[in-house]
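Heads up, the thing below is written out as structure tokens.
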Amino acid sequence: VQLVESGGGLVQAGGSLRLSCLASGLTFRMYTMGWFRQAPGKEREFVAAISWSGLTKHYADSVKGRFTISRDNAKNTVYLHMISLKPEDTAVYYCAASDQGVVETTSDFGSWGQGTQVTVSS
């Protein structure tokens, strides 16, 4: 399984970014996909998850209303569209795959990407 994130970068507060994660080596349409993030000195935390169908989505309270997770099963890709970014959103963002339902804990996700850096300047 390989998950490759892209789309990170440096953005000013209030700006937006769209992260992408291209998956290979798995039957993508059968997996729940998630986004997590890890800031320096902090534990990795849940951001968002989406069911295999795209019909069920979960979000961390800190990103509700600002971040949107979506997926394109034909392209084996999951996205995270982020708007109204804040300096506290600065972190490495990881894509992950789970063969369970729509879950939110790191231990429920068996495959991980290498991460993409998002930096929000004030």
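The analysis underlying the following values was restricted to heavy atoms, covering all of them including side chains, and did not include hydrogens, waters or symmetry mates.
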(request) Please confirm whether Arg37 makes a cation-pi placement over Tyr94, using NZ or CZ under 6.0 Å from the six-membered ring centre and within 45° of the ring normal. (result) no
(request) Flag the pair Asp61 and Lys64 as a salt bridge only when some basic side-chain nitrogen lies within less than 4.0 angstrom of an acidic carboxylate oxygen. (result) yes
(request) Step through the shown structure and confirm whether more than 12 heavy atoms of other residues, nucleotides or ligands are within 6.0 Å of CD on Gln114. (result) no
(request) Give the intermediate values and the outcome of side-chain contact (heavy atoms from CB on, under 4.5 Å) for residues Phe46 and Val103. (result) CA-CA 9 Å; Phe46 170 77; Val103 290; over 6 Å; no
(request) Please round to the nearest 0.5 Å and tell me the distance separating atom CD of Glu5 and atom OG1 of Thr116. (result) 7.0 Å
(request) Could you tell me which non-hydrogen atom of Leu55 sits nearest to which non-hydrogen atom of Ser51, and how far apart they are? (result) N-OG, 3.4 Å
(message) Which heavy atom of Tyr93 sits nearest to which heavy atom of Leu80, and what is that distance?
(response) CD2-CD2, 4.1 Å
(request) Mind running side-chain contact (heavy atoms from CB on, under 4.5 Å) on Thr106 and Trp112 for me, showing each step along the way? (result) CA-CA 10 Å; Thr106 56; Trp112 292 83; 4.0 Å; yes
(message) When you measure from the side chain of Gln12 to the backbone of Ser121, do you find a donor-acceptor pair of N or O atoms at a distance under 3.5 Å?
(response) no
(request) Might you work through the side-chain contact (heavy atoms from CB on, under 4.5 Å) test for Val118 and Leu19, ending with a clear yes or no? (result) CA-CA 9 Å; Val118 172; Leu19 306 183; 4.0 Å; yes
(request) Work out which heavy atom in Ala39 is nearest to a heavy atom in Ala91; give both atom names and the distance. (result) N-CB, 3.8 Å
(message) Check whether Trp52 forms a cation-pi arrangement with Arg71 (NZ or CZ under 6.0 Å from the six-membered ring centre, at most 45° off the ring normal).
(response) no
(request) Please report the closest heavy-atom contact between Gly115 and Val92, naming both atoms and the distance. (result) CA-CG1, 3.8 Å
(message) Whether the side chain of Thr90 engages the backbone of Glu88 through a donor-acceptor N/O pair (distance < 3.5 Å, no angle test) should be reported.
(response) no
(message) Can you tell me how far apart CD (Gln100) and OH (Tyr31) are? Round to the nearest 0.5 Å.
(response) 11.0 Å
(request) Would you check if the side chain of Gln2 reaches a backbone N or O of Ser24 as a donor-acceptor pair within less than 3.5 Å? (result) no
(request) Indicate, with yes or no, if Met82 and Val11 share a hydrophobic cluster defined by side-chain heavy-atom contacts under 4.5 Å among Ile, Leu, Val, Met, Phe, Trp and Tyr. (result) yes
(message) Counting C-beta onward and ignoring hydrogens, is there a side-chain heavy-atom pair between Leu85 and Leu17 closer than 4.5 Å?
(response) yes
(request) Kindly state whether the ring of Phe109 and the ring of Phe36 have centres lying under 6.0 angstrom apart. (result) yes
(request) Any chance you could measure Ser62, atom OG, to Asp89, atom CG, to the nearest 0.5 Å? (result) 7.0 Å
(request) State plainly whether one hydrophobic cluster holds both Phe67 and Val78, where clusters connect Ile, Leu, Val, Met, Phe, Trp and Tyr through side-chain heavy atoms under 4.5 angstrom apart. (result) yes
(message) How long is the straight-line distance from CG of Asp99 back to OG1 of Thr27, given to the nearest 0.5 Å?
(response) 11.0 Å
(request) Could you pull out the closest heavy-atom pair between Val1 and Gly25, with the gap in Å? (result) CG2-O, 3.6 Å
(request) Look at the side-chain heavy atoms of Ile, Leu, Val, Met, Phe, Trp and Tyr, link any pair under 4.5 Å apart, and say whether Trp35 and Tyr79 land in one connected group. (result) no
(request) Just do the side-chain contact (heavy atoms from CB on, under 4.5 Å) check on Leu3 and Met33 with the steps written out, would you? (result) CA-CA 10 Å; Leu3 303 175; Met33 298 301 296; 4.1 Å; yes
(message) Can a side-chain donor-acceptor contact be found between Thr119 and Gln117 if the only test is distance below 3.5 angstrom?
(response) yes
(request) Mark yes or no for whether Tyr59, through its side chain, and Ile69, through its backbone, hold a donor-acceptor pair below 3.5 Å. (result) yes
(message) How long is the straight-line distance from OG of Ser70 back to NE2 of His81, given to the nearest 0.5 Å?
(response) 9.5 Å
(message) I'd like to know whether NZ of Lys57 has more than 12 heavy-atom contacts from other residues, nucleotides or ligands below 6.0 angstrom.
(response) yes
